[in-house]
Amino acid sequence: MKHFVPLLFLAVPAQAQQAMTATEFDSYTRGKTFYYAEDSQPYGGEEYLDGKRVRWSFLDGKCKEGQWFESNDQICFVYEDNPDPQCWSFFESAEGLVARFENDPSQTVLYEVGKSDEPMVCLGPDVGV
């Protein structure tokens with residue numbers, strides 16, 4: 001996994017840029033794992049697979065399978081544990097992806113802090129005694 005580095009570009013307003021289209025987003029992310037931070041704190045990682053499939057983790061070893069789709073010029077995600085779409089606008093900056101949560105844009109903005117060609121580490125299901 002990549003190390004998280006302090007982000008110096010947090011003040012760059014995502015609104016000043018053009019959001020990525022679904023085609024641009026797919027081309028930029030497919031086959032890679034991205035690691036995100038919010039306010040310079042590790043937030044999570046997402047592996048972007050073929051067929052608009054994704055695997056998300058809060059970096060705790062637990063992963064959620066999901067899919068993404070385009071809706072109203074946003075990239076929306078649904079996951080196995082939550083069928084309600086989580087919609088984001090993605091912007092490409094010199095430092096990487098910037099993602100603004102459109103379900104509540106005043107709350108969450110994530111910044112790419114690492115990118116890898118390697119899959120995320122996902123632990124198996126919890127095993128009880």
Side-chain angles (χ1 to χ4, degrees):
M1 182 170 76
K2 300 278 185 187
H3 294 282
F4 294 97
V5 294
L7 301 173
L8 302 176
F9 61 98
L10 295 177
V12 176
Q15 295 86 344
Q17 303 167 341
Q18 181 69 30
M20 296 174 90
T21 66
T23 301
E24 291 168 336
F25 177 77
D26 188 45
S27 177
Y28 189 86
T29 60
R30 188 173 357 111
K32 296 186 174 28
T33 300
F34 286 78
Y35 297 94
Y36 297 99
E38 178 183 35
D39 296 328
S40 298
Q41 297 298 311
Y43 187 85
E46 191 145 51
E47 185 177 351
Y48 298 92
L49 307 164
D50 289 335
K52 297 182 180 180
R53 295 177 303 113
V54 294
R55 185 173 296 124
W56 168 261
S57 175
F58 285 105
L59 305 177
D60 57 3
K62 298 176 185 174
C63 295
K64 300 176 185 186
E65 302 290 327
Q67 293 198 325
W68 69 268
F69 60 93
E70 183 178 29
S71 178
N72 298 321
D73 296 326
Q74 298 172 4
I75 307 299
C76 300
F77 299 83
V78 291
Y79 297 95
E80 60 191 347
D81 66 339
N82 184 1
D84 296 328
Q86 308 295 307
C87 297
W88 299 76
S89 292
F90 286 86
F91 305 88
E92 190 174 354
S93 75
E95 292 82 7
L97 280 182
V98 178
R100 184 178 63 224
F101 187 51
E102 296 297 350
N103 292 52
D104 187 354
S106 67
Q107 293 299 310
T108 306
V109 177
L110 301 180
Y111 299 89
E112 175 188 332
V113 293
K115 178 170 47 176
S116 173
D117 292 330
E118 298 297 318
M120 281 193 307
V121 175
C122 298
L123 304 176
D126 293 335
V127 179
V129 180

Participant: More than 12 non-hydrogen atoms from neighbouring residues, nucleotides or ligands closer than 6.0 Å to CG on N82, yes or no?
Facilitator: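 Yes, enclosed.
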
Participant: Evaluate T33 against E46 for side chain to side chain contact (heavy atoms under 4.5 Å, CB included), listing each step before the verdict.
Facilitator: CA-CA 6 Å; T33 300; E46 191 145 51; over 6 Å; no

Participant: Minimum heavy-atom separation for C63 and M120, please, with both atom names.
Facilitator: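 Looks like SG-CE, 4.1 Å.
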
Participant: Decide yes or no for V54 and E47: does some side-chain heavy atom of the first lie under 4.5 Å from some side-chain heavy atom of the second?
Facilitator: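 They are not in contact (no side-chain heavy atoms under 4.5 Å apart), so the answer is no.
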
Participant: Rounded at 0.5 Å granularity, tell me how far CZ in F91 sits from CD in Q18.
Facilitator: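 Those atoms lie 8.0 Å apart.
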
Participant: Measure from the side-chain N and O atoms of N103 to the backbone N and O of C87, and report whether any donor-acceptor pair falls under 3.5 Å.
Facilitator: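 Yes; judged by distance alone, with no hydrogens or angles, the pair exists.
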
Participant: Quick check against the 3.5 Å criterion: does N72 have a side-chain atom that pairs as donor or acceptor with the backbone of Q74?
Facilitator: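 No.
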
Participant: Determine whether a donor-acceptor pair (N or O, by modelled atom type, separation under 3.5 Å) exists between the side chain of E112 and the backbone of L97.
Facilitator: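 Here the side-chain-to-backbone pair exists.
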
Participant: In terms of relative ring orientation, are Y43 and W56 parallel, tilted or perpendicular, with 30° and 60° separating the classes?
Facilitator: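 Ring orientation of Y43 relative to W56: tilted.
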
Participant: Which heavy atom in C122 sits nearest to a heavy atom in R55, and how many Å separate them?
Facilitator: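 In this case the closest contact between C122 and R55 is SG-CD, 3.4 Å.
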
Participant: Do the side chain of D60 and the main chain of K62 share a donor and acceptor less than 3.5 angstrom apart?
Facilitator: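 Yes.
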
Participant: Could you tell me whether a side-chain N or O of T29 sits under 3.5 Å from a main-chain N or O of F25, the two making a donor and an acceptor?
Facilitator: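 Between the backbone of F25 and the side chain of T29 there is a qualifying donor-acceptor contact (under 3.5 Å).
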
Participant: For D84 and V78, run side chain to side chain contact (heavy atoms under 4.5 Å, CB included): C-alpha distance rounded to whole Å, both residues' side-chain angles, the deciding distance at 0.1 Å, then the answer.
Facilitator: CA-CA 6 Å; D84 296 328; V78 291; over 6 Å; no

Participant: Indicate the ring-plane relationship of Y48 and F34, choosing parallel, tilted or perpendicular according to the 30° and 60° boundaries.
Facilitator: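 Perpendicular, since the angle between the ring planes exceeds 60°.
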
Participant: Without swapping roles, check the side chain of D26 against the backbone of T21 for a donor-acceptor pair under 3.5 Å.
Facilitator: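 Such a contact is absent between D26 side chain and T21 backbone.
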
Participant: Rounded to the nearest 0.5 Å, what separation is found between the OG1 atom of T108 and the CD atom of Q86?
Facilitator: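 Atom-to-atom, T108:OG1 and Q86:CD are 10.0 Å apart.
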
Participant: Nearest heavy-atom pair of G45 and Y35: which atoms, and what distance?
Facilitator: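 Looking at all heavy atoms of both residues, the shortest contact is CA-CD2, 4.1 Å.
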
Participant: If only atom types and distance count, is the side chain of R53 paired as donor or acceptor with the main-chain N or O of D50 below 3.5 Å?
Facilitator: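 The answer is yes, because a donor-acceptor pair under 3.5 Å joins these two groups.
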
Participant: Could you check whether K115 makes a cation-pi contact with Y28, meaning its NZ or CZ is under 6.0 Å from the centre of the six-membered ring and within 45° of the ring axis?
Facilitator: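 The answer is yes; both the distance and angle limits are met.
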
Participant: Would you mind checking if E80 and K64 are paired as a salt bridge, meaning a charged N to carboxylate O distance below 4.0 Å?
Facilitator: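 Result for this pair is no, no salt bridge flagged.
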
Participant: What verdict does the side chain to side chain contact (heavy atoms under 4.5 Å, CB included) test give for E102 and W88, after you've listed the backbone C-alpha separation in whole Å, the side-chain angles of each residue and the deciding distance to 0.1 Å?
Facilitator: CA-CA 5 Å; E102 296 297 350; W88 299 76; 5.5 Å; no

Participant: For the atom pair CD (Q67) and CZ (F77), what is the distance rounded to the nearest 0.5 Å?
Facilitator: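 Reported value, rounded in 0.5 Å steps: 11.5 Å.
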
Participant: Which atom names give the shortest non-hydrogen contact between R30 and L49, and what distance separates them?
Facilitator: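 Looking at all heavy atoms of both residues, the shortest contact is CG-O, 4.1 Å.
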
Participant: Examine F58 and F101 and state if one hydrophobic cluster contains both, with Ile, Leu, Val, Met, Phe, Trp and Tyr joined whenever side-chain heavy atoms are less than 4.5 Å apart.
Facilitator: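 Yes, one cluster joins them.
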
Participant: Indicate, with yes or no, if Y79 and F90 share a hydrophobic cluster defined by side-chain heavy-atom contacts under 4.5 Å among Ile, Leu, Val, Met, Phe, Trp and Tyr.
Facilitator: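 Hydrophobic grouping puts F90 with Y79.
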
